[in-house]
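Report on the following structure.
Residue numbers run from 1 in the order of the sequence given.
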Amino acid sequence: MADYKDEVRQSSGMSRRGFVKASATAAAALAVSGSLAGCGPNKVQPTEEDQQAAPAADIISGTWVTAACWHNCGGRCLNKALVKDGVVVRQKTDDTHEDSPDYPQQRACVRGRAQRNHVFSADRLKYPMKRTSWQPGGGDNSKGELRGKDEWERISWDEAYTYITDEIKRIKETYGNRALFADGGEVSKFLSLYGGYIGHWGTTSRGAWTYTPDVVGIAPQTNEGINDRLDMRNSEVVIMFGTNPAWSSAGNPAYHLLQMKKAGAKFVAVDPFYNDSYSLVDAEWIPCRPSTDMALFLGIANAMLEMDAEKGLIDWDYLNTHTIGFDADHMPEGEDPNGNFKDYVLGTFDGTPKTPEWASRICGVSPENIRYLAELMGKDNKAAILMAWASARTHNADCLPQLVMTMGAMGGHYGKSGHMCGLSCHSRSFSGGGYLIGSGADGLPSVKNPLGDSEGINDTELWKAIAEGSYTYAGGSTKKVAGEPREVDIKLIYHDSMNAKLQTIEGQAKGIEAHRKVDLVVTHSLFMTTNAQYSDIVLPIESYWEKEGGFLQGNREALIYHSKVVDRMYECLSDEEIAAEIGKRLGLNVEEVYPFGVKQQLFNQFVGAYIVDETGEKKPLVTITADDIAEWECEGEPQEGVVSMKELIEQGLYQIPRKPGDAYGYIAYEKFVKDPEANPLKTASGKQEIYSATLRDTINAIGYSTIEAIPTYIPPQEGVEATYSDFEAGTKGEYPYQLYNPHYLRRSHTVFDNVQWLRETWPNPVFINADDAKEKGIKEGDTVLLTSPHGKVLRVACPTERFMPGVIGLPHGAWVDVDEKTGIDHAGSDNMLTGQIQSGQGVSGWNTCMCTIEKYQEALTPDVELPMRVPEAQM
């Protein structure tokens with residue numbers, strides 16, 4: 001690896017610090033001047049090495065190859081790598097066509113441009129390893145208490161396969177298939193053929209947007225929720241709730257946002273954090289506490305009713321014809337008319353009007369601003385009400401999408417140009433409408449898990465189930481069944497396909513406990529991630545830059561094909577190769593899972609790739625000739641498309657040109673709004689259900705917690721009320737601060753956390769309101785200890801006016817680094833502070849977390865100065 005780095009340096013003439021300097025400059029342009037002084041990009045001074053670096057023109061020779069940017073930020077931008085003598089010496093982004101707002105290039109962000117430092121990092125896992133103290137046979141042989149502490153030894157692939165398959169056989173024979181837990185990757189397919197395994201399900205990023213939307217009549221994340229990006233320029237006012245594409249889905253989404261600003265839209269941001277996306281469009285900031293959007297929206301609904309007679313804010317015709325349950329006259333047949341939404345908001349029967357004053361005490365938004373938002377959402381404004389997933393990643397938020405839908409319906413903001421109400425995040429951030437282009441399927445058969453627990457344990461109790469032996473079976477993320485208590489005794493945890501479950505599922509401290517309880521933990525990984533750190537056997541896998549090729553897609557208009565960039569390094573194998581060998585050693589027929597090879601799988605994706613023409617007809621995208629079939633040595637037939645196979649591979653991108661007024665525009669719910677009878681929604685009534693008995697009955701049957709058929713406010717566990725010992729009296733409790741976990745430019749979720757270029761550029765502090773910091777005697781750069789009911793972490797403080805009082809922001813995704821003597825995580829992993837808490841549909845309630853903060857005497861070593869995770873066995 002050192003030879004590779006030397007070759008890169010000699011070939012490129014570019015130092016690491018040169019890249020960091022450029023990255024810091026680009027990142028600083030995003031930030032508000034002085035907004036996060038000392039907490040944002042580090043200041044990097046040029047070195048003599050930088051000044052002597054060769055000019056770019058000297059290294060242009062080589063071959064540009066489209067390189068995968070496969071990380072789950074939602075962006076899916078175009079990255080190209082310059083390969084010279086088998087070495088990647090430079091990267092660049094999309095230059096396949098001229099850039100314009102209507103037809104934008106698919107430009108990569110600072111993370112994507114740091115992938116060279118990611119793929120070729122010194123801490124890449126090189127060989128299979130076994131934890132020194134672990135021995136087969138289970139029980140005391142496992143020495144599970146040493147996971148995360150033990151040394152590692154290098155083993156051969158044959159030894160690794162033997163250990164794994166012998167243990168799988170032993171566990172099945174002794175305890176049965178329900179003792180096997182797997183993430184659901186390639187090895188899981190063979191475990192299914194071997195009798196099955198227990199899996200897991202959860203709401204992950206989507207929170208209550210996972211199950212609720214289709215049931216009540218608002219679109220989930222996919223393609224129907226908001227208007228096309230070109231129509232969004234027709235909006236007069238844009239109200240954003242918890243959105244920050246400049247950090248979370250960096251690339252085109254923030255660029256689309258800027259075009260709306262240039263078209264004349266007014267922006268209002270409702271968020272605990274005045275982030276860089278809001279700064280980009282000079283948005284008016286209305287601070288709102290985390291996990292309180294339900295109370296805020298109920299207050300807005302009350303204000304709309306209060307002011308409607310005078311200002312005509314409500315679209316009564318839409319409510320009467322396209323919804324059910326808003327008032328007593330439009331309730332579903334057979335339901336109590338007193339259970340309608342309007343009477344709940346007015347407090348007719350419960351004696352508590354949900355006034356702006358009532359809502360303000362919970363959410364922290366002033367009554368005046370709540371009424372202001374109500375006016376902005378009125379029917380005569382071309383309003384875009386845009387949500388991200390964040391507000392629904394809250395315990396007891398199961399009715400939040402239903403309430404968002406109700407707000408949009410009250411203002412009639414569906415089915416019209418410039419009007420919209422729904423999700424704008426991840427790959428569909430500021431860009432609604434169905435996909436216009438896409439790849440085909442690989443053609444592999446599906447393999448069914450014969451156990452009824454194929455989607456068995458909800459993430460919010462996964463670690464508790466493994467550690468304590470029981471859980472509630474309730475189906476899966478979107479297929480719900482009545483909750484049923486079950487016992488479980490897991491002996492194997494298998495993490496494959498680069499899964500990061502120990503890092504990304506809430507209740508990380510309980511997760512570590514669970515991993516130390518079982519007989520065997522196996523992880524496939526590129527690096528010594530948190531999963532790998534607490535494993536017994538770690539298997540090195542290839543990166544996407546070493547794969548044969550593949551397709552990636554983010555927005556609806558572009559399809560990326562990435563090629564193999566470099567040859568596979570060290571002893572790394574693919575997940576598929578590892579799974580196939582394990583399957584073979586278990587006595588299974590590998591062809592049942594992989595009836596043909598990787599190249600045929602990839603070829604099938606070319607064959608099935610499609611494009612939608614201006615008439616709406618779906619057609620083949622790729623022209624495939626007999627020569628192509630012969631060259632690839634695959635089975636298939638020639639076909640006519642719009643781009644040749646060779647051209648798509650060479651360009652790495654096919655993007656549909658766009659312009660205002662073209663045939664690809666999209667207005668969400670347009671057909672339903674024009675004729676709801678002819679175009680019913682997927683709900684039981686075919687209309688938007690402000691009253692949904694289906695949602696109520698399904699959620700309540702699970703048994704985690706109960707809801708009503710209309711959206712009502714239920715204080716979430718560990719929400720704002722829980723930060724008080726006496727909420728009514730205003731007396732703060734043991735954990736007086738709310739904590740939430742914004743996405744951060746240094747990482748895409750947990751990916752890139754080991755990239756030294758990004759570590760030097762983005763230091764990963766904890767953000768705290770400047771007045772709160774002053775009250776606690778905390779200054780910029782102080783090491784602070786964050787403590788929740790579930791764990792403790794250390795970080796360096798960043799006091800700022802951009803976070804509202806009472807709210808702390810800990811960036812998501814740091815790889816845990818626990819001091820075993822104190823139990824304190826030194827990396828600042830947000831999930832060390834979250835707990836395994838069940839509510840509603842099993843929502844992962846990331847944003848319902850509370851903590852306290854205090855100065856810590858011991859200084860924290862900057863992340864970039866920490867040694868990389870390279871076990872001696874990998875040296």
Side-chain angles (χ1 to χ4, degrees), residues 29-30 66 74-80 92-109 112 223-238 240 243 245-246 249-267 277 280-282 382 384 386 416-420 422 424-438 552-561 610-619 621 642-643 647-648 651-668 670:
L30 276 175
T66 300
R76 297 293 188 268
C77 307
L78 187 69
N79 261 288
K80 292 203 171 186
K92 69 176 181 178
T93 188
D94 187 7
D95 57 4
T96 57
H97 59 82
E98 292 295 322
D99 187 48
S100 71
D102 295 343
Y103 186 37
Q105 294 173 345
Q106 305 297 306
R107 293 184 180 178
C109 75
N223 59 8
E224 299 172 352
I226 58 174
N227 298 0
D228 171 70
R229 65 179 177 86
L230 298 184
D231 182 77
M232 294 182 82
R233 301 175 193 173
N234 296 322
S235 298
E236 297 168 342
V237 59
V238 181
M240 300 186 291
T243 62
S249 297
N252 277 351
Y255 186 61
H256 299 329
L257 184 64
L258 187 60
Q259 307 318 310
M260 298 165 68
K261 173 70 173 177
K262 290 180 178 180
K266 169 188 174 67
F267 288 83
S277 299
L280 178 69
V281 292
D282 194 26
K382 284 188 174 182
L386 304 179
K416 296 180 289 187
S417 176
H419 296 256
M420 66 205 78
S424 173
C425 60
H426 201 251
S427 61
R428 313 319 297 273
S429 188
F430 300 97
S431 180
Y435 282 111
L436 302 174
I437 190 171
L552 294 169
Q553 185 168 29
N555 64 69
R556 66 192 294 247
E557 301 161 11
L559 182 65
I560 294 170
Y561 177 78
Y610 69 89
I611 187 171
V612 177
D613 68 17
E614 293 191 349
T615 69
E617 183 180 352
K618 185 181 287 188
K619 296 181 175 180
L621 172 66
V642 299
V643 60
E647 183 182 350
L648 180 56
Q651 290 292 314
L653 172 73
Y654 192 89
Q655 183 176 344
I656 298 173
R658 296 292 313 281
K659 62 182 178 180
D662 64 17
Y664 296 117
Y666 177 77
I667 305 294
E670 187 173 29

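Counting only heavy atoms from C-beta outward, the side chains of Tyr435 and Lys618 never approach each other to under 4.5 Å. Contact of the Asn555 side chain with the Gln106 side chain is registered, since non-hydrogen atoms from C-beta on lie closer than 4.5 Å. Two residues are said to be in side-chain contact when any heavy atoms from C-beta on lie closer than 4.5 Å; Thr66 and Leu653 fail this criterion. Annotation: side chain of Ile437 is in contact with side chain of Gln553 (closest heavy-atom distance under 4.5 Å). A heavy-atom distance below 4.5 Å is found between the side chains of Tyr664 and Glu614.
Here Ile226 contributes atom CD1 and Ile667 contributes atom CD1; the two are 11.0 Å apart, rounded to the nearest 0.5 Å. Residue Asn227 holds its CG atom at 13.0 Å from CZ of Phe430, rounded to the nearest 0.5 Å. A distance of 11.0 Å separates CG of Leu552 from OH of Tyr561, quoted to the nearest 0.5 Å. Distance CG/Leu436 to OH/Tyr610: 8.0 Å, rounded to 0.5 Å. With rounding to the nearest 0.5 Å, the separation of OG1 in Thr96 from CD in Gln651 is 6.0 Å.
A side chain to side chain donor-acceptor pair (under 3.5 Å) with Arg107 is found for one member of Asp94, Thr93, Asp95, Asp99 and no other, namely Asp99. With respect to Lys382, the side chain to side chain contact (heavy atoms under 4.5 Å, CB included) criterion is satisfied by exactly one of Lys416, Met420, His419: His419. Among the candidates Pro104, Pro101, Ser429, the single residue satisfying the side chain to side chain contact (heavy atoms under 4.5 Å, CB included) test with Arg229 is Pro104.
Closest approach of Ser235 and Gly418 over heavy atoms only: OG-O, 2.8 Å. For Gly74 against Ser249, the heavy-atom pair with the smallest separation is CA-OG, 4.3 Å. Closest heavy-atom contact between Asn252 and Gln105: OD1-O, 3.1 Å.
A distance-only check finds no donor-acceptor pair linking the side chain of Arg76 to the backbone of Leu559 [under 3.5 Å].
Under the side chain to side chain donor-acceptor pair (under 3.5 Å) criterion, Asp228 pairs with Arg556, Arg658, sequence neighbours left out. In this view, Ser100 satisfies the side chain to side chain donor-acceptor pair (under 3.5 Å) rule with no residue, not counting sequence neighbours.
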Next on the checklist: salt bridge (charged side-chain N to carboxylate O under 4.0 Å, His left out) for Asp102 and Arg233? Distances and angles first, verdict last.
Outcome noted: CA-CA 11 Å; Asp102 295 343; Arg233 301 175 193 173; 2.8 Å; yes

Show me, pair by pair, the donor-acceptor contacts under 3.5 angstrom made by side chains of residues 253-265, not counting sequence neighbours?
from: Gln259; atom 1: NE2; to: Tyr255; atom 2: O; distance (Å): 3.0
from: Lys261; atom 1: NZ; to: Val281; atom 2: O; distance (Å): 3.3

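Side-chain atoms of Ser417 and Asn234 form a donor-acceptor pair, as typed in the model, at a separation below 3.5 Å.
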